[in-house]
Amino acid sequence: MKATLWRGQLRYDAVTLHTASSGAISALDTLWLRLDDGTRCGTGEVRLNIQYLHGYSADRVLENITSALAGWNWALAPQAMLERVHADGAGLLAPARMLFDMALHDLLAQQADVSLAHWLGAAAASPGYPTNQTLFWGSEAQMLTQAELYVARGFTQLKLRTGVADFATDLARLRALRARFGEAITLAIDVNGQWSLAQAHAAFPALQALNLSYVEQPLAPANDAALAQLSGYGVPIMLDESLNSPAAIDQLMAANGALWGHLKLVKLGGIAPTLAAARRLQAASIPFMIGQMNEGHAATAAALQVCRAVQPRFAELYGADGLINDAVSGLHYQQGTVFINDLPGLGVQFDAARATFLQESGYATAE
């Protein structure tokens, strides 16, 4: 097995990323791992500049990945490598596990000559899945223009990023969206943990009239125990930043459906743990979303393939929409849905000419 590591700075056309937790983001600092068995090549992706989500600096994640590549046993079969990625004591941070796990899943499904969704157990899944779209921080005029563009393309599940300004500003924007689109859209908000409990108590009564699909992460993860005090308002609450381990999934399940979950590969460490968490929540009839950060085609395709396999109630798969310089391709967005080429593995293609080479490990395998 031969491994190559690549890097790129991905940018959007006409979308500015700005949330309460991230601040303004000019580009997605992205790594790709390519695993070549001599016949097929699996692709993994992870975004480096998301310290605000998991607490790890880009340098720390990159060092963790390059050290793992240098010490990897390239004689192992891909399935054994995947087991090693998730073994106790492997020493991989969650984003590093995601990178290895994704590339190995892509390779294994290609070796089986099936889409990753089918390799994960989907009986007969459509190559697409409906997705929401996020309205990032900007002026109210920018927000309404962006919403108009999304709705014109069939994307009627909208989520407003809040918590940057005061609640009065956020409430005015939510009301403007309802006034403009009425019930033709579903509307949710993501607070990114920026409210105190007192602020949440002040906000929730005003939110009741807006028929929100959910309020995402109203309190910081450290204050999750206080979320029970907000359940009486009747507005669904979805956790995001809180859900970063199997223990966190245990706590979510202990709420017996009073809280919903937003599962992301980069928090849980890849496709395998995300799929396991989704199936646990599904068995317990707890609503959940499969989602992502703003990420490129490969990471978005991985989340889409998980959606195809588990059919979640919600999906957040807008990450690759509008990217203008991604080294990976294969997705397209139309009529409220993201579609993937129905090919073996992730269904994506990698163009090395659009990425920066970092290092090579392992050895070439004879065809």
Side-chain angles (χ1 to χ4, degrees), residues 1 3 30-37 39-47 77-86 94-131 263-280 282 288-293 295-312 315-321 326-333 337-351:
M1 184 86 73
T30 299
L31 286 183
W32 296 281
L33 176 64
R34 299 273 286 164
L35 297 180
D36 187 344
D37 71 354
T39 303
R40 294 151 294 257
C41 198
T43 301
E45 177 193 317
V46 71
R47 182 176 152 198
Q79 184 62 49
M81 288 188 186
L82 183 59
E83 293 169 4
R84 178 186 172 186
V85 166
H86 296 293
R97 293 201 308 274
M98 172 184 173
L99 182 70
F100 282 80
D101 167 285
M102 191 188 307
L104 288 163
H105 272 92
D106 186 18
L107 182 61
L108 284 162
Q110 287 187 52
Q111 290 177 341
D113 199 32
V114 296
S115 71
L116 180 54
H118 287 84
W119 195 85
L120 295 174
S126 162
Y129 208 84
T131 178
L263 307 180
K264 293 178 179 174
L265 276 65
V266 74
K267 291 184 303 179
L268 293 169
I271 293 166
T274 302
L275 187 70
R279 287 177 170 157
R280 290 184 65 196
Q282 208 164 38
F288 65 93
M289 176 157 62
I290 299 295
Q292 56 170 159
M293 307 299 293
E295 295 167 291
H297 278 70
T300 305
L304 169 57
Q305 298 286 3
V306 174
C307 285
R308 295 176 69 198
V310 300
Q311 302 287 303
E316 186 162 292
L317 305 170
Y318 61 76
D321 188 24
D326 199 339
V328 179
S329 60
L331 296 171
H332 65 277
Y333 292 79
T337 299
V338 54
F339 294 91
I340 185 69
N341 297 324
D342 200 21
L343 300 171
L346 286 176
V348 300
Q349 299 81 41
F350 180 80
D351 181 1

Minimal non-hydrogen separation, [X] against [Y], with atom names:
{"X": "I340", "Y": "A301", "value": "CD1-CB, 4.0 Å"}
{"X": "M98", "Y": "A299", "value": "CE-CB, 3.9 Å"}
{"X": "D106", "Y": "G345", "value": "OD1-CA, 3.3 Å"}
{"X": "L116", "Y": "A109", "value": "CA-CB, 3.8 Å"}

With under 30° as parallel and over 60° as perpendicular, where do the rings of F339 and H332 fit, or are they tilted in between?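 If you compare the ring of F339 with that of H332, the planes turn out parallel.
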
Separation of [Y] [atom2] from [X] [atom1] (nearest 0.5 Å):
{"X": "F100", "Y": "L82", "atom1": "CZ", "atom2": "CG", "answer": "12.0 Å"}
{"X": "L265", "Y": "R97", "atom1": "CG", "atom2": "CZ", "answer": "11.0 Å"}
{"X": "T39", "Y": "L107", "atom1": "OG1", "atom2": "CG", "answer": "9.5 Å"}

Considering only distance and modelled atom types, tabulate donor-acceptor pairs under 3.5 Å from the side chains of residues 119-129, sequence neighbours left out.
{"unit_1": "S126", "atom_1": "OG", "unit_2": "G128", "atom_2": "N", "d": "3.1"}
{"unit_1": "Y129", "atom_1": "OH", "unit_2": "P312", "atom_2": "O", "d": "2.6"}

Residue that, paired with V306, satisfies side-chain contact (heavy atoms from CB on, under 4.5 Å) out of L263, L317, I290: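 Only one of L263, L317, I290 forms a side-chain contact (heavy atoms from CB on, under 4.5 Å) with V306, namely I290.
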
For residues 296-311, pull every pair meeting side chain to side chain donor-acceptor pair (under 3.5 Å), keeping only residues two or more places apart or in separate chains.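 The answer is Q292-T300, H297-D326, Q305-R308, R308-D342.
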
Do R47 and T30 have a side chain donor and acceptor closer than 3.5 Å? no

Does V338 offer a backbone N or O that forms a donor-acceptor pair with the side chain of Y318 under 3.5 Å?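 Such a contact is absent between Y318 side chain and V338 backbone.
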
So does I271 get a backbone contact from the side chain of D101, meaning a donor-acceptor N/O pair under 3.5 Å? yes

So do the side chains of R279 and L275 get within less than 4.5 Å of each other, counting heavy atoms only?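 Yes, their side chains come closer than 4.5 Å.
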
Side chains of L35 and L104: closer than 4.5 Å at any heavy-atom pair? yes

Return the set of residues passing salt bridge (Lys or Arg N to Asp or Glu O under 4.0 Å) with R40 (not counting sequence neighbours), or none when no residue passes.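 R40 satisfies salt bridge (Lys or Arg N to Asp or Glu O under 4.0 Å) with D37 only.
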
